[in-house]
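For reference, the structure is listed below as structure tokens.
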Amino acid sequence: MLKNIVGLVTGGASGLGLATAERLVREGGKVVICDLSTSKGADIAKHLGNNAVFAPVDVTSEDDVKNALDLCKIKFGRLDAAVNCAGITVVKPALNTKSKVIHTQEQFIKVLDVNIGGTFNVMRLSAAMMSENEPDTEGCRGVIINTASIAAFDGKRGQCAYSASKAAVVGMTLPAARDLASTGIRVCTIAPGYFLTSMTEGLLELNGGQLPDSMQFPARMGKPDEFAMAVQFIITNPMMNGEVIRVDGAVRMQPGANL
Ligand SMILES: CC(=O)CC(=O)SCCNC(=O)CCNC(=O)[C@H](O)C(C)(C)COP(=O)(O)OP(=O)(O)OC[C@H]1O[C@@H](n2cnc3c(N)ncnc32)[C@H](O)[C@@H]1OP(=O)(O)O
Ligand SMILES: NC(=O)C1=CN([C@@H]2O[C@H](COP(=O)(O)OP(=O)(O)OC[C@H]3O[C@@H](n4cnc5c(N)ncnc54)[C@H](O)[C@@H]3O)[C@@H](O)[C@H]2O)C=CC1
């Protein structure tokens, strides 16, 4: 149960973030869905009812994130769990050896800006708000959960920017947990494998309907709620801190194309 837990979920209008927002409300919590103003976040929040509200947020903007946290305070009184799911990808070799097309520096920096900068922005500002919470019986004031990817460890061809950004999210997990330990705020990261969302739709088809050979068990794409289950586990287990958990059915990405 997540009874009375107040969560803020970035990327909450789609895929893994949406499943997390839905689970929070289903399990008795409340949620601020943060996503781009162009997303379906407002409709989704309306559909979820009084325990959900939408905040239009670009995670790279300090003002947007502060406004979302203000809304969280006005609507729900406090923040217990910030879940960073907003993320983007670019798929392009550093150099396409056949066409001679070079990866642009702009694309590389954009992915780092959203995936690293956005995650850190939400983490630091959420922590400031959580630090005002009364600690629970364990002395905990809140928890921050970031989303990396198995591409942080074994990225494929074409994933320099994405893998670098996710490796950075892995890298900031322990120092952030150490920074926030004295305030009683925990920080963990989930590194998902292949999950069926708008980020990955079409990949299976592109791969001739073939799942990756390295996929072990279960040999299928993850369901977004299976990510949300990991979020719930981290929120509810006080010993979870400073750790990166792969949720991937034991798959390892291979160097070749597509999946
Ligand atoms: C887990 C998560 O967090 C979510 C995920 O990541 S999901 C996983 C998503 N998967 C990916 O991101 C991988 C995506 N990769 C791809 O889409 C492709 O491999 C790619 C776009 C990177 C390259 O595709 P491609 O079709 O090989 O590129 P293309 O430009 O058409 O290259 C044509 C040829 O040059 C070769 N080539 C081009 N650049 C190359 C390079 N740097 N090295 C070797 N060969 C190269 C290709 O192998 C291909 O050869 P053939 O014609 O003999 O097959
Ligand atoms: N789907 C998968 O297989 C995997 C996904 N991930 C990661 O999980 C996270 C969620 O991805 P999915 O749900 O799959 O993708 P998705 O594309 O379905 O959802 C991402 C959401 O982030 C939002 N977003 C993008 N840029 C934003 C910004 N600047 N500010 C605010 N919101 C922004 C999008 O509008 C979208 O709603 C991402 O960080 C992704 O890298 C990691 C491993 C595997």
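First listed ligand is number 1; within each ligand, the first listed atom is number 1.
- For atom 42 (C) of ligand 2, the nearest non-hydrogen atom from the set A191, G117, A148 belongs to A148.
- Contacts between L18 and ligand 2 below 4.0 angstrom, taking non-hydrogen atoms only, are absent altogether.
- Between L2 and T236 there is a side-chain heavy-atom pair separated by less than 4.5 Å.
- Contact check for N146 versus M123: side-chain heavy atoms found under the 4.5 Å cut-off.
- Closest non-hydrogen pair, I185 versus M130, comes out as CD1-CB, 3.7 Å.
- Linking ILVMFWY residues whenever their side-chain heavy atoms come closer than 4.5 Å, directly or via other members, places L125 and V122 in the same cluster.
- Near G15, with a cut-off below 4.0 Å to any heavy atom, the atoms of ligand 2 are 13 (O), 18 (O).
- Counting heavy atoms under 4.0 Å from ligand 2, residue L16 touches it through both backbone and side chain.
- Smallest separation of non-hydrogen atoms from C72 and V6: SG-CG1, 3.7 Å.
- Listed by number with element, the atoms of ligand 2 under 4.0 Å from a non-hydrogen atom of T200 are 1 (N), 2 (C), 3 (O).
- Heavy-atom separations between F227 and ligand 2 are all 4.0 Å or longer.
- With a 6.0 Å radius and a threshold of 12 heavy atoms from other residues, nucleotides or ligands, F120 has its CZ atom at or below the threshold.
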Q | From CA spacing to verdict: salt bridge (Lys or Arg N to Asp or Glu O under 4.0 Å), E132, K73 | A | CA-CA 11 Å; E132 293 165 12; K73 184 142 203 170; 3.0 Å; yes

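- The backbone of Y194, and not its side chain, has at least one atom closer than 4.0 Å to an atom of ligand 2 (non-hydrogen atoms only; backbone = N, CA, C, O).
- For ligand 2, the atoms lying closer than 4.0 Å to a non-hydrogen atom of S198 are 16 (P), 17 (O), 18 (O).
- Ligand 2 lies less than 4.0 angstrom from a heavy atom belonging to C85.
- Checked by distance only, ligand 2 and A13 stay at 3.5 Å or farther apart across all their nitrogen or oxygen atoms.
- Under a 4.0 Å criterion applied to the non-hydrogen atoms of Y162, ligand 2 contributes the atoms 6 (N), 7 (C), 40 (C), 41 (O), 42 (C), 43 (C).
- Scanning both residues, A81 and I235, for their nearest heavy atoms gives CB-CD1, 3.9 Å.
- Within the 4.5 Å cutoff, no side-chain heavy atoms of P224 are placed close to those of L18.
- Under a 4.0 angstrom heavy-atom cut-off, G193 registers as being in contact with ligand 2.
- Residue contacts with ligand 2, taken as heavy atom pairs separated by less than 4.0 Å, involve K166 solely via side-chain atoms from C-beta onward.
- Contact analysis leaves G12 out of contact with ligand 2, as no non-hydrogen atom separation drops below 4.0 angstrom.
- Here is the list of ligand 2 atoms found below 4.0 Å of a heavy atom in I88: 25 (C), 26 (N).
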Q: Take D58 and T60 through the test side-chain hydrogen bond (donor to acceptor under 3.5 Å, both in side chains) and record every step on the way to the result.
A: CA-CA 5 Å; D58 181 331; T60 63; 2.8 Å; yes

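- Nearest to atom 34 (C) of ligand 2 by heavy-atom distance, out of T147, D35, L36, is D35.
- In the vicinity of D58, heavy-atom distances shorter than 4.0 Å reach the ligand 2 atoms 28 (C), 29 (N), 30 (N).
- When non-hydrogen atoms are compared, ligand 2 lies under 4.0 Å from neither the backbone nor the side chain of C34.
- Both the backbone and the side chain of A86 come within 4.0 Å of ligand 2, judged by heavy-atom distances.
- Each of the following atoms of ligand 2 lies closer than 4.0 Å to a heavy atom of V57: 30 (N), 31 (C).
- Under the 4.5 Å side-chain heavy-atom criterion for grouping Ile, Leu, Val, Met, Phe, Trp and Tyr, V101 is not connected to L95 through any hydrophobic cluster.
- Side-chain contact check for M240 versus I245: some heavy-atom pair is nearer than 4.5 Å.
- On a distance-only criterion, V59 and ligand 2 share at least one N/O pair closer than 3.5 Å.
- The shortest side-chain heavy-atom distance between D248 and R252 falls under the 4.5 Å cut-off.
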